[in-house]
Amino acid sequence: MNHAVPQAEGTDPGIAQPPPDDGPAAPAPLGVPRTPTGHAEVDAHVARLADADHLATDGHPEVYEDVHRGLRDALTALDARPGPQAPGRPPTTTPQRGPAGREPAAPHEHRS
């Protein structure tokens, strides 16, 4: 019986192999596309996400929280801006129903 450990292809038993690197990988961009929204302020915050590509994982939350805060503030500002009034109920030609679901009684003509 041969109890030898099989060797990986391309390795030479006479050459010392470097030990495997078990440390964390260097930061690398994820390659996630960022599509412009057409709103400059929002686009600037979304572009800031690229800063996380060059940080170790423990630095990501700071960038994400900053972007989230900026996007939240931008949306809040949109809600606070005065804009056109919402249109009221459009006029209708169909008879309106009363609270009981019936058409209101026709007005009575009183002749004196």
Side-chain angles (χ1 to χ4, degrees):
M1 276 185 140
N2 185 354
H3 294 287
V5 176
Q7 293 181 354
E9 278 187 44
T11 60
D12 184 350
I15 299 175
Q17 299 293 322
D21 183 14
D22 291 335
L30 295 175
V32 177
R34 294 172 188 91
T35 306
T37 64
H39 189 277
E41 186 177 2
V42 171
D43 290 342
H45 290 298
V46 172
R48 169 118 165 74
L49 291 171
D51 293 347
D53 288 345
H54 308 290
L55 299 172
T57 306
D58 62 349
H60 290 190
E62 182 180 340
V63 173
Y64 296 154
E65 288 170 5
D66 183 50
V67 171
H68 180 256
R69 188 173 27 258
L71 291 172
R72 186 183 60 229
D73 292 348
L75 288 173
T76 300
L78 288 174
D79 286 342
R81 290 184 189 152
Q85 293 293 328
R89 184 174 174 171
T92 179
T93 57
T94 57
Q96 299 299 309
R97 306 255 180 224
R102 295 185 300 247
E103 290 184 28
H108 297 338
E109 281 189 31
H110 294 282
R111 295 185 189 176
S112 315

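Along the sequence shown, the residues carry numbers beginning at 1. Side chains included, hydrogens not; waters and symmetry mates left out as well; all remaining heavy atoms used.
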Colleague: Taking all non-hydrogen atoms of both residues into account, name the closest pair between Val63 and Leu49 and its distance.
Modeller: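 Taking every non-hydrogen atom into account, CG1-CA, 4.3 Å.
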Colleague: Got a sec, which residues hit side-chain hydrogen bond (donor to acceptor under 3.5 Å, both in side chains) with Arg34, two or more places apart in sequence or on another chain?
Modeller: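 Partners of Arg34 by the side-chain hydrogen bond (donor to acceptor under 3.5 Å, both in side chains) criterion come out as none, since no residue qualifies.
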Colleague: Tell me, please, which residues at least two apart from His60 pass ring-ring contact (aromatic ring centres under 6.0 Å, His included).
Modeller: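 His60 satisfies ring-ring contact (aromatic ring centres under 6.0 Å, His included) with Tyr64 once adjacent residues are dropped.
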Colleague: Please enumerate all residues that pass side-chain hydrogen bond (donor to acceptor under 3.5 Å, both in side chains) together with Asp66, with sequence neighbours excluded.
Modeller: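 With neighbours one apart ignored, the set is Arg48.
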Colleague: Taking the side chain as everything from C-beta on, heavy atoms only, tell me whether Leu71 gets closer than 4.5 Å to Val42.
Modeller: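 Yes, close enough: below the 4.5 Å cut-off.
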Colleague: Run through the side-chain heavy atoms of Ile, Leu, Val, Met, Phe, Trp and Tyr, join any pair under 4.5 Å, and report what else lands in Leu75's cluster.
Modeller: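 Once heavy-atom contacts under 4.5 Å are chained together, Leu75 belongs with Leu78.
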Colleague: Among all residues two or more places apart in sequence or in another chain, which pass the side-chain hydrogen bond (donor to acceptor under 3.5 Å, both in side chains) test with Asp73?
Modeller: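 Residues passing side-chain hydrogen bond (donor to acceptor under 3.5 Å, both in side chains) with Asp73: none at all.
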Colleague: Side chain to side chain contact (heavy atoms under 4.5 Å, CB included) with Glu41: which residues, sequence neighbours excluded?
Modeller: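 In terms of side chain to side chain contact (heavy atoms under 4.5 Å, CB included), with neighbours along the sequence ignored, Glu41 is linked to His39, His45, Ala74.
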Colleague: In this structure, are over 12 heavy atoms from other groups packed under 6.0 Å from His54 atom NE2?
Modeller: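 Counting neighbours around NE2 of His54, more than 12 heavy atoms of other residues, nucleotides or ligands fall under 6.0 Å, so yes.
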Colleague: Could you note down all residue pairs passing salt bridge (Lys or Arg N to Asp or Glu O under 4.0 Å) where residues 54-63 supplies at least one of them, sequence neighbours left out?
Modeller: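 Non-adjacent pairs meeting salt bridge (Lys or Arg N to Asp or Glu O under 4.0 Å): zero.
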